[in-house]
Visitor: 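The following block contains the structure, expressed as structure tokens.
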Amino acid sequence: MLGLLCLAGSVLAQEKKAKRPNVIFILSDDHAYQAISAYGSKLAQTPNIDRIANGGAILFNNIVTNSICGPSRAALLTGKYSHLNGYMVNERQFNVNQPVFPEQLQKNGYQTAWIGKMHLGVLPNGFDYLNVLPGQGLYYNPDFINSKNEKVNYTGYVSDIVTQLSTEWLEKRDDSKPFFLVVGHKATHREWLPALEDLGYYDNVTFPVPPTFYDDYADRIAAQKQDMTIDKTMILKTDLKVHVDYDSSKRYNPYRGFTPEQKAAFHEYYENKVSKEFDEKKLEGKALVEWKYQRYMRDYLATARSLDRNIGRLLDYLDQKGLSENTVVIYASDQGFYLGEHGWFDKRFIYEESLKTPFVIRYPGVIKPGTKVNGIVSNVDWAPTVLDLTGTSIPVEIQGQSFAPLLTGQKTELKKGIYYHYYEYPQPHNVAPHFGIRTGQYTLVRFYGPDQAWELYDIKKDPQNLKNLYGSKGYERITAALKKQLKDEIVHYKDDEALKIFEGTSTAGK
């Protein structure tokens, strides 16, 4: 009988795959796994992200290949590393004359759409419908650019608007065809402007200062020279809204289009409460930096609250329309983010908090609820996984590989490591360019540019990446093996510039 049940379950899974499931890929911005309760976070509750995780699978080692916003989205679209898709740093134009995986879905009969933040400087091919924020977009009363390259302004809060536009598209779609929809959220990107209803939500919470908050960056020259600390880099007026000039004539003013109601609510909270508290306390030194940390966390998590609420609205819509059973729902962020670890905000480094990004996926009847995946995957694997789950052919030029077998409990050969390469330097945060490999136990990284350095971490013993073991006695064989593995990955992924630096033949590495 058990054998018959297993066979029936297998047949059901195959039948559901044959139906070509719909796919909704919810992609947020800078949302740290440390802020998601499904990942064990005590900082905040995220009940709707947890709905996806509990109803399917949660990935604990989902790693990005270049921890920065635009390049991460380019990796999603192409299934390729930055050096091959051409989008290595932010604020460039994505090369539209290259294949993107939604084109494969279109060939397989899918309707495709991207709504919300895209941040690629241009409208790519492969989508039947586009309605995206220009650049970073605004939290309040944002402009959107549609498929006709027309700019339309919407009044309201961006997370609510993205959800509204997404459900409107779902209502109007051709329901005789399956769909693929990317829901691109701006939250939780800097400057962390919460929705009006979430202002002050965490004001009665005092967040524990991370154990690494006062990291001295010993033996880590790139970490010593970065410019992304809460202490020195985070700006009181623009980031923490202390004495904001709502009517500033500066080119970028996120408050310029505020309605009177919005401006009044922000003024009441940030001027009459937050700024007043700041003035009265007259803080300096350690007290000041820890006050900044608390304000950062309160705004960041309040902004994330609206993100989770809107994910719930979208999930409720799928339930109400009878779409949940045959729709793959994915939630991921474009990369990880620092919530005070090492004294930082932002991302960029190969270190764990910015390297790992959340990824939860639900596919009723195919992915067993409560599935936990510890195998290593990366964001160049996202595209081939979606293609695999939809029964769509995977182009040979895609560098990633499907991890669908990991989601369905099948035996499969696990990746032994993920290759990483970060480029954007010196602005905006003075993080030195670097490449490296992250395996199940170790991270080996090579920094280059004005300073050259190797770093090695045992992430099982040192998950916070504090102790650089490179050159330490007893690690010679491990280091040699990891260097060989790193070089093999560089060659495999055709990163010619990294190979020159590795071999010492490039001026960029001197």
Visitor: For Tyr201, does the OH atom have more than 12 heavy-atom neighbours from other residues, nucleotides or ligands under 6.0 Å away?
Guide: no

Visitor: Do the ring planes of His434 and Tyr422 sit parallel (below 30°), tilted (30 to 60°) or perpendicular (above 60°)?
Guide: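 Ring orientation of His434 relative to Tyr422: tilted.
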
Visitor: If you measure only the distance, is there a donor-acceptor pair under 3.5 Å linking the side chains of Ser306 and Asp160?
Guide: no

Visitor: Hey, what's the ring geometry for Tyr81 with Tyr419, parallel, tilted or perpendicular (30° and 60° as the breaks)?
Guide: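 It falls in the tilted class, 30° to 60°.
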
Visitor: Is the shortest distance from a Lys or Arg side-chain nitrogen in Arg190 or Asp30 to a carboxylate oxygen in the other one below 4.0 Å?
Guide: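 Salt bridge: no.
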
Visitor: Just by distance, no angles: are the side chains of Asn310 and Ser159 close enough, under 3.5 Å, to form a donor-acceptor pair?
Guide: no

Visitor: Listed by chain and number, what are the salt bridge (Lys or Arg N to Asp or Glu O under 4.0 Å) partners of Asp299, not counting sequence neighbours?
Guide: Lys241, Arg295

Visitor: Evaluate His429 against Phe345 for ring pair (Phe, Tyr, Trp, His ring centres under 6.0 Å), listing each step before the verdict.
Guide: CA-CA 10 Å; His429 288 291; Phe345 66 100; 5.7 Å; yes

Visitor: Please determine whether a side-chain nitrogen of the Lys or Arg among Asp334 and Lys347 lies less than 4.0 Å from a carboxylate oxygen of the Asp or Glu.
Guide: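 No salt bridge links Asp334 with Lys347.
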
Visitor: Does one side chain, of Tyr33 or Ser333, offer a donor that lies under 3.5 Å from an acceptor on the other?
Guide: no

Visitor: Would you kindly say whether Thr46 and Asp308 are connected by a side-chain donor-acceptor distance under 3.5 Å?
Guide: no

Visitor: State which residues pass side chain to side chain donor-acceptor pair (under 3.5 Å) with Ser41; sequence neighbours excluded, sorted by chain then number.
Guide: none

Visitor: List the atom of Phe359, the atom of Asn62, and the distance in Å for their closest heavy-atom pair.
Guide: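 In terms of heavy atoms, the two residues are closest at CB-ND2, 3.5 Å.
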
Visitor: Looking only at the side chains, is there a donor atom on one of Asp215 and Trp344 sitting less than 3.5 Å from an acceptor on the other?
Guide: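 Checked: Asp215/Trp344 side chains show no N/O donor-acceptor pair below 3.5 Å.
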
Visitor: Regarding Asp198 and Tyr157, is there a side-chain donor-to-acceptor distance under 3.5 Å anywhere?
Guide: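 Not at all, the side chains of Asp198 and Tyr157 share no donor-acceptor pair under 3.5 Å.
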
Visitor: Going by the angle between their ring planes, with limits at 30° and 60°, are Trp169 and Phe179 parallel, tilted or perpendicular?
Guide: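 Taking Phe179 first and then Trp169, their aromatic rings stand perpendicular (interplane angle over 60°).
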
Visitor: Could you tell me if Lys461 and Gln441 have a donor-acceptor pair between their side chains, going purely by distance under 3.5 Å?
Guide: no

Visitor: Are Tyr338 and Tyr351 close enough that their ring centers fall under 6.0 Å?
Guide: no

Visitor: Using 30° and 60° as the class boundaries, would you call the ring planes of His267 and Tyr246 parallel, tilted or perpendicular?
Guide: tilted

Visitor: Where do Glu455 and Arg220 land on the salt bridge (Lys or Arg N to Asp or Glu O under 4.0 Å) test, with the steps shown first?
Guide: CA-CA 7 Å; Glu455 295 179 3; Arg220 288 160 285 153; 6.0 Å; no

Visitor: Testing the 3.5 Å rule here: is there a donor-acceptor pair between the side chains of Tyr317 and Glu171?
Guide: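 Yes, side-chain donor-acceptor contact under 3.5 Å.
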
Visitor: Can you see whether Glu168 engages Gln164 through a side-chain donor-acceptor pair at a distance of less than 3.5 angstrom?
Guide: yes

Visitor: Flag yes if more than 12 heavy atoms outside Glu150 fall under 6.0 Å of its CD atom; otherwise flag no.
Guide: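 Result for CD/Glu150: enclosed.
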
Visitor: Using a 4.5 Å cut-off on heavy atoms from C-beta on, say whether the side chain of Tyr331 contacts that of Asn48.
Guide: no

Visitor: Does the ring of Tyr139 carry Lys186 above it, NZ/CZ under 6.0 angstrom from centre and within 45° of its axis?
Guide: yes

Visitor: Could you tell me which residues satisfy side chain to side chain donor-acceptor pair (under 3.5 Å) with Asp143, sequence neighbours excluded, listed by chain and number?
Guide: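 Here the qualifying residues are Asn153.
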
Visitor: Counting the benzene-type ring for Trp, do Tyr255 and Tyr270 have ring centres under 6.0 Å apart?
Guide: no

Visitor: Do Asn465 and His342 get their side chains close enough for a donor-acceptor pair, meaning under 3.5 Å?
Guide: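 No - no donor-acceptor pair under 3.5 Å links their side chains.
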
Visitor: The test is side chain to side chain donor-acceptor pair (under 3.5 Å); show your working for Ser72 and Asn379 and say whether it passes.
Guide: CA-CA 7 Å; Ser72 182; Asn379 58 346; 3.2 Å; yes

Visitor: Does the ring center of Tyr425 lie less than 6.0 Å from the ring center of Phe447?
Guide: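 No.
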
Visitor: With ring pair (Phe, Tyr, Trp, His ring centres under 6.0 Å) as the rule and sequence neighbours excluded, what pairs involving residues 272-299 come up?
Guide: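 Those involving residues 272-299 are Trp192-Tyr296, Phe213-Tyr293, Phe278-Trp291, Tyr296-Tyr300.
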
Visitor: Not counting sequence neighbours, list each pair that qualifies as a salt bridge (Lys or Arg N to Asp or Glu O under 4.0 Å) and has a residue in residues 44-54.
Guide: Arg51-Asp316, Arg51-Asp319

Visitor: Gln111: which residues meet the side chain to side chain donor-acceptor pair (under 3.5 Å) condition with it, sequence neighbours left out?
Guide: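 Partners of Gln111 under the side chain to side chain donor-acceptor pair (under 3.5 Å) test: none.
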
